[in-house]
Colleague: 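Structure provided below as structure tokens; questions to follow.
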Amino acid sequence: MSSNQRELASSFVPGDIEAPLYKKWIDAGYFTADANSSKEPFTIVIPPPNVTGNLHIGHALDQTLQDCLTRLKRMQGFEALWLPGMDHAGIATQNVVEKQLAAKGLSRHDLGREDFVKKVWEWKAESGGQILGQMKRLGDSVDWSREAFTMDENLSQAVLTIFKKLFDQGLIYRAERIINWCPRCLTALSDIEVEHQDDEGEFVQVRYGDGDASIVVATTRAETMMGDGAVAVHPDDPRYKHMIGTEVLLPLVNRMIPIIADELVDPDFGTGAVKVTAAHDPNDFEMAMRHNVPFVVIMNEHGVMDGTGTEFDGMDRFEARIAVVAKLKEMGRIVAEKRPYIHAVGHCSRCDTTVEPRLSKQWFVKVAPLAKAAGDAVRDGRVKIEPAELAPRYFEWVDNMHDWCISRQLWWGHRIPVWYGPNDEVVVVGPGESAPAGYTQDPDVLDTWFSSALWPFSTLGWPNESADVKKFYPTSVLVTGYDILFFWVARMMLFGLFAMDGVPPFHTIVLHGLVRDQFGKKMSKSRGNVVDPLEFIDKYGADALRFTLARGSNPGKDQALAEDWIAGSRNFATKLWNATRFAMMNGATTEGPLPAQSSLSAIDAWILSRLSETTTEYTALLESYEFARACETIYHFAWDDLCDWYLELSKEAFASGDAAASQRVLGHVLDTLFRLLHPVMPFITEALWTTLTGKETLVTAAWPIADAAHIDKKSETLIGELQKIITEVRRFRNDQGVKPSQKIPGRIIAPADVTAYSSAMAFLLKLELTDFTPSASVEIGAMKVELDLSGTVDVVAERARLEKDLAIAQKDLKTAEVKLGNEGFMAKAPAAVVVEIKERLAVTTADIERITAQLAALK
RNA sequence: GGGUGGUUAGCUCAGUGGUAGAGCGCCUCGUUUACACCGAGGAUGUCGGGGGUUCGAAACCCUCACCGCCCA
């Protein structure tokens, strides 16, 4: 089929093309990677969204960038694999199903563990993973044949394998520690599952003991005092030095507790004396270990007071706080109180309940040796972090990482593969092994991030020696928001290096920022400023959303997003559509060789030169993850250079019917432009390109290589001159109130290389190149356009125009004169800069002369 | 408290030593051989304050102020 037989719809409706194109791509298998290919691999594993999740705007950004890179590399001839999948999201998913049960008045305990887990699987089958369908709307070129889930059989084998390996090397241990406990979820949480917020609390000073044997302690948690085992002061504090080693009476429970000295106490905080509640505070726990302070547990797993033997037993912890303070007040023991007292309090990241530090026996990963390796891999350059400015954050965390609590008191997740014998024997059961008879398995499951830490290789088939692992590991790039650098990225580094014999899980970590609202504020349900990417896709098309997000994505930086900007991207898509329609109406073609460079008009040579430069610049920007700058570059090439100038300057040639060279050049420019834009705007480029070329698909088409022979500075300079004089004439017409469509007699007086394009310029400026007596003229440098306004020149407007130009020229002249008159400048500035300023002086001097003469003539 | 980013046009942001930029918004004109989701033209900034380095600073250094994020 030749190009003039194919047609584009007269208007661009994204919804008409997107779904059919995605189906075409899937049916053709373009996204399916081949482990046996001889091509160099390029691998990205998707940050697995929660099985409970829906596509939010952050996913849309993350995935747009990943798709850009994957499509780019696929076109560049790599064996590109973008591997999709989901995370089982332990607490989140269990919460969803428990909520459903609660609606029927049931708890998970009513079902029992086995049936509950079955129920979760049923839920997943029915309503989990909605995000996968939404990813298709976005156009993600993921390999669906490799879709993975962290609870899949193979990924579970990976979990068992690594658990056993870590345990055997002494890197997993069980210990009684203070951990973060959620009294609502009834499970332990790791440090990063705790979110610190500034809450309104209270700060009270309580007198322990009486008379000489008394000391005032400061606390925000009066209710825990019944669990105190000591009072601590700084060893050098003169106020308390004499009391160290003595005992005071603990009110309410009437127990004598020692006063101890510990460096951890800040003498400037409160009264300089703090209560030591070993079983209910992590700092106190540490001090207690050093000083043999007893652990007194006074709260149960629900955060309810228990075992104090006082009237407070049975009270909720917050209720108890009020009651305890009231009672102390009654006893005259409250020395001072401050309320509200704003301080940071930990909350469960899943349900927002205030976290309770709790003494409890849990499983931990000993991270020190793993974290050292993870830090070194980045330090020695084996893994790059982009942008590099974010590397210090990574180091700060990896170098100061606490041991990782990995057990969770949940039912949904990978059950801890530890079995206990009748005499407390401990056996870890690896893949294919079974526990000795009479042993019982630990009831807890592993932290969700334990399995996601294995994602870059468990999804490829590890621990089996799969073809995928051989071909696609290590992965090339990991694209994710900086907000999960610690949650996920650092942990993949830890486990990846450990499991894969020191081979890091990816070469480059590309970090992007968060999507914020149009005023740069964080999106949140409470603010009501959360946007739905699917609504934007419905309204403006996936390409528009993608382009907007990519265009806003500066490395590692947050971006604001406004609906207007998506509309702007939709306008860009429409522009491309209409430009292509126009081009095809005028015979643009991709068939046959490009005309010889020497035979081209300056207009054609110029656009090829700009195309070549744009290709180079844009490719380099994409390859260095500078998505915002890349989009900016291609946007201005397409809209400004191509649509506003090339097409306009070419209209005369197309109208004259003698434009074979331009038809071929234009076909080439569009062909290349669509290839370049395809990673960002896959749908519209596919539609336009296949229509233009008659070929099957752009998905697997070759990435353009800039032709250095097309760089033509002479044509660029010449077209630059044309643009200047055209703009000046337009400005003149505008100032004179001449309508854009009104034809007026005119003539172009300029050097021959400019006048060679007189007819193109005249067509564009609506000038009639006939004989006439000029009544006005517009000049720029050596170029002059004479016009006939039939004697109706608006002298006032023209004076204003010239005077404005004169003022600018005079200011520029002065700047140049000052510089050239500066001895320091002349002595020290680089020669090239001096030459430039001298040229500027010459140009402005000439401008001033010319404008002054024109103004004089106007009198 | 420790770390870290920011302050440039009305808004959101680019711009790492040589005449201040983009998108959106704003003003004027306009149914011109694609496109009003458009075209042409225009207005708008002592680049947070102060000091310093330099022939030259939005950019480099110091300092202050004010926002923000991460960690404790």
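What you see below is based on every heavy atom in this structure, not just the backbone, and it leaves out hydrogens, waters and symmetry mates. By convention in this document, chain letters (A, B, ...) are assigned in the order of the sequence lines, proteins followed by strands, and residues within each chain are numbered from 1.
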Colleague: Determine the Euclidean distance between corresponding C1' atoms of C61(B) and C24(B); express it in Å to zero decimal places.
Modeller: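 It comes out at 36 Å once rounded to the nearest Å.
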Colleague: To the nearest angstrom, how far is Met401(A) atom CE from C70(B) atom C1'?
Modeller: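 That distance rounds to 15 Å.
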Colleague: Going by distance alone, is a donor N or O of one side chain under 3.5 Å from an acceptor N or O of the other, for Asp604(A) and Ser662(A)?
Modeller: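 Side chains of Asp604(A) and Ser662(A): pair found under 3.5 Å.
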Colleague: Can you tell me how far P in G15(B) sits from the matching atom in G6(B), rounded to whole Å?
Modeller: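 Those two atoms are separated by 10 Å.
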Colleague: Compute the centroid of each ring, for Trp689(A) and then for Phe674(A), and state whether the two points are separated by less than 6.0 Å.
Modeller: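 No - the distance between ring centres of Trp689(A) and Phe674(A) does not fall below the 6.0 Å cut-off.
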Colleague: Please measure how far the P atom in C35(B) lies from the corresponding atom in G39(B), and state the result in whole Å.
Modeller: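 11 Å, rounded to whole Å.
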Colleague: Look at the side-chain N and O atoms of Arg393(A) and state whether any lies under 4.0 Å from the OP1 or OP2 oxygen of C70(B).
Modeller: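 Looking at the OP1 and OP2 atoms of C70(B), neither is under 4.0 Å from any side-chain N or O of Arg393(A).
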Colleague: Please measure how far the C1' atom in G25(B) lies from the corresponding atom in A34(B), and state the result in whole Å.
Modeller: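 It works out to 26 Å between them.
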Colleague: Looking only at atom types and distance, does a side-chain atom of Trp488(A) sit under 3.5 Å from a main-chain N or O of Thr480(A), one as donor and one as acceptor?
Modeller: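 No; judged by distance alone, with no hydrogens or angles, the pair does not exist.
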Colleague: Starting at CG of Asp558(A) and ending at C1' of C67(B), how long is that distance when rounded to a whole Å?
Modeller: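 These atoms are roughly 14 Å apart.
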Colleague: How about Tyr540(A) and Glu563(A): does a side-chain donor come under 3.5 Å of a side-chain acceptor?
Modeller: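 Looking only at side-chain atoms, Glu563(A) and Tyr540(A) do form a donor-acceptor pair, the distance falling under 3.5 Å.
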Colleague: Test for a donor-acceptor pair under 3.5 Å between the base of U33(B) and the side chain of Lys651(A), counting only N and O atoms.
Modeller: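 Side chain to base: no pair below 3.5 Å.
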Colleague: Between the side chains of Arg731(A) and Asn734(A), is a donor N or O closer than 3.5 angstrom to an acceptor N or O?
Modeller: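 The criterion, which ignores hydrogens and geometry beyond distance, is not satisfied for Asn734(A) and Arg731(A).
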Colleague: Pairing check on G39(B): which nucleotide meets the Watson-Crick or G-U wobble criteria with it, both distances under 3.5 Å?
Modeller: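 Per the H-bond distance test, C29(B).
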Colleague: Which nucleotide in the set G2(B), C13(B), U54(B) lies at the smallest distance from any side-chain heavy atom of Glu396(A)?
Modeller: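 Closest nucleotide among those given: G2(B).
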Colleague: Is it the case that C29(B) (base atoms only) and Lys739(A) (side chain only) share a donor and an acceptor within less than 3.5 Å, ignoring hydrogens and angles?
Modeller: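 Absent.
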Colleague: I need the Asp671(A) CG to Thr590(A) OG1 distance, nearest 0.5 Å.
Modeller: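 Asp671(A) atom CG to Thr590(A) atom OG1 measures 6.0 Å (nearest 0.5 Å).
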Colleague: What interatomic distance, in whole Å, is found between P of G5(B) and the corresponding atom of G23(B)?
Modeller: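 Result for the P pair: 30 Å, nearest Å.
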Colleague: Ignoring backbone atoms, test whether Thr574(A) places a side-chain nitrogen or oxygen under 4.0 Å from the OP1 or OP2 oxygen of C37(B).
Modeller: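 No.
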Colleague: Taking atom P of A34(B) as reference, at what distance in whole Å does atom CH2 of Trp645(A) sit?
Modeller: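 Whole-Å distance recorded here is 17 Å.
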Colleague: Any sub-3.5 Å donor-acceptor pair from Ser553(A)'s side-chain atoms to Ala550(A)'s backbone N or O?
Modeller: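 Absent.
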Colleague: How long is the line joining CH2 of Trp488(A) and P of C70(B), in whole Å?
Modeller: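 That distance rounds to 20 Å.
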Colleague: Can you check whether Lys804(A) has a side-chain N or O nearer than 4.0 Å to OP1 or OP2 of A43(B)?
Modeller: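 Checking Lys804(A) against A43(B): at least one side-chain N or O falls below 4.0 Å of OP1 or OP2.
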Colleague: Under 3.5 Å, is there a donor-acceptor pair between the side chain of Arg581(A) and the main chain of Ser10(A)?
Modeller: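 Looks like yes, one N/O pair under 3.5 Å.
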Colleague: Kindly say whether Ile851(A) contributes a backbone atom to a donor-acceptor pair with the side chain of Asp805(A) at under 3.5 angstrom?
Modeller: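 No; zero donor-acceptor contacts below 3.5 Å.
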Colleague: Counting heavy atoms from C-beta on, name the nucleotide in G41(B), A14(B), C55(B) closest to the side chain of Arg629(A).
Modeller: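 Of the candidates, A14(B) comes closest.
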Colleague: For Lys557(A) and C69(B), is the shortest distance between a side-chain N/O and OP1 or OP2 below 4.0 Å?
Modeller: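 Checking C69(B) against Lys557(A), no side-chain N or O comes under 4.0 Å of OP1 or OP2.
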Colleague: Work out how far the C1' atom of U8(B) is from that of C13(B), and round it to whole angstrom.
Modeller: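 Per the computed distance, 9 Å lies between those C1' atoms.
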Colleague: For nucleotides 22-25 of chain B, which of its nitrogen or oxygen atoms have a protein nitrogen or oxygen under 3.5 Å away, and what is each distance?
Modeller:
residue, atom, partner, partner atom, Å
A22(B), O2', Glu632(A), OE2, 2.5

Colleague: Could you check which of C38(B), G18(B), A14(B) has an atom nearest any side-chain atom of Val833(A)?
Modeller: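 Given the options C38(B), G18(B), A14(B), the side chain of Val833(A) is closest to G18(B).
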Colleague: Could you give the distance separating A65(B) and G41(B) at their P atoms, to the nearest angstrom?
Modeller: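 Those two atoms are separated by 47 Å.
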Colleague: Taking the nucleotide of RNA chain B with the nearest heavy atom to each, does Cys643(A) or Glu389(A) sit closer to the 5' end?
Modeller: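 Nearer the 5' end of the strand: Glu389(A).
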Colleague: Who does G23(B) pair with, Watson-Crick or G-U, both distances under 3.5 Å?
Modeller: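 Pairing partner, where one exists within any strand: C11(B).
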Colleague: Mind checking if Pro392(A) touches a base, just sugar-phosphate, or nothing, with heavy atoms under 4.0 Å?
Modeller: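 The residue Pro392(A) makes no contact with any strand.
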Colleague: Grab the CD1-C1' distance between Ile726(A) and G41(B) for me, whole Å please.
Modeller: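 It is 15 Å, rounded to the nearest whole Å.
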Colleague: Mind checking if Arg570(A) touches a base, just sugar-phosphate, or nothing, with heavy atoms under 4.0 Å?
Modeller: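 Base contact - Arg570(A) has a heavy atom under 4.0 Å of at least one base atom.
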Colleague: Indicate, with a heavy-atom threshold strictly under 4.0 Å, whether Phe763(A) touches base, sugar-phosphate, or nothing.
Modeller: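 Counting heavy atoms under 4.0 Å across all strands, the contact made by Phe763(A) includes a base.
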Colleague: Roughly how far apart, to the nearest Å, are U46(B) and A9(B) at atom C1'?
Modeller: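 To the nearest whole Å, 14 Å.
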Colleague: Just name whichever nucleotide pairs with G1(B), Watson-Crick or G-U, keeping both distances under 3.5 Å, else none.
Modeller: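 Its partner is C71(B) (Watson-Crick or G-U wobble, both distances under 3.5 Å).
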Colleague: Please pick, from A34(B), C13(B), C29(B), the nucleotide with the shortest atom-to-atom distance to any side-chain atom of Ala560(A).
Modeller: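 Selected nucleotide (nearest to the side chain): C13(B).
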Colleague: Between Phe572(A) and Lys522(A), name the one whose nearest nucleotide on RNA chain B is closer to the 5' end.
Modeller: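 The residue closer to the strand's 5' end, by nearest nucleotide, is Phe572(A).
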Colleague: Write down the distance between CG (Asp735(A)) and C1' (A43(B)), rounded to a whole number of angstrom.
Modeller: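 Going from CG in Asp735(A) over to C1' in A43(B) covers 13 Å.
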Colleague: Hunt down the Watson-Crick or G-U wobble partner of U44(B), both distances under 3.5 Å, from any strand shown, or write none.
Modeller: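 Answer to the pairing question: none, since U44(B) forms no Watson-Crick or G-U pair.
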Colleague: Atom CG of Leu514(A) to atom C1' of C69(B): distance rounded to whole Å?
Modeller: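 One finds 10 Å between C1' of C69(B) and CG of Leu514(A), rounded.
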Colleague: C60(B) pairs with which nucleotide, Watson-Crick or G-U wobble, both distances below 3.5 Å?
Modeller: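 C60(B) is paired with G52(B).
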Colleague: Just say parallel, tilted or perpendicular for the rings of Phe582(A) and Phe654(A), cut-offs at 30° and 60°.
Modeller: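 Ring orientation of Phe582(A) relative to Phe654(A): perpendicular.
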Colleague: Which part of the nucleic acid, if any, lies within reach of Glu823(A) when heavy atoms closer than 4.0 Å are counted: base, sugar-phosphate only, or nothing?
Modeller: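 Since no nucleic acid heavy atom lies under 4.0 Å of Glu823(A), the category is nothing.
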Colleague: The side chain of Asn578(A) lies closest to which of these nucleotides: C69(B), A14(B), A34(B)?
Modeller: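 For Asn578(A), the side-chain atoms sit closest to A34(B).
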Colleague: Between U12(B), G3(B), G30(B), which nucleotide has the shortest distance from any of its atoms to the side chain of Phe519(A)?
Modeller: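 Per side-chain heavy atoms of Phe519(A), the pick is U12(B).
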Colleague: Taking the minimum atom-to-atom distance to the side chain of Asp644(A), which one of A40(B), U32(B), G2(B) wins?
Modeller: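 Selected nucleotide: A40(B).
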Colleague: The criterion is side-chain hydrogen bond (donor to acceptor under 3.5 Å, both in side chains); which residues satisfy it with Arg393(A), sequence neighbours excluded?
Modeller: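 Scan of Arg393(A) (side-chain hydrogen bond (donor to acceptor under 3.5 Å, both in side chains), adjacent residues dropped) gives none.
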Colleague: Would you indicate what Asn554(A) reaches in the nucleic acid, counting non-hydrogen atoms under 4.0 angstrom: base, sugar-phosphate, or nothing?
Modeller: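 Here Asn554(A) touches the backbone only, sparing every base.
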Colleague: Out of A40(B), C13(B), U33(B), which has the shortest distance to the side chain of Asn734(A)?
Modeller: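 Looking only at heavy atoms from C-beta outward on Asn734(A), the closest nucleotide is A40(B).
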Colleague: Hey, does Ser11(A) reach any base, or is it just sugar-phosphate, or nothing, if we go heavy atoms under 4.0 Å?
Modeller: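 Here Ser11(A) touches no strand at all.
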Colleague: Between Arg731(A) (CZ) and C27(B) (P), how many Å, whole number?
Modeller: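 After rounding, the reported distance stands at 21 Å.
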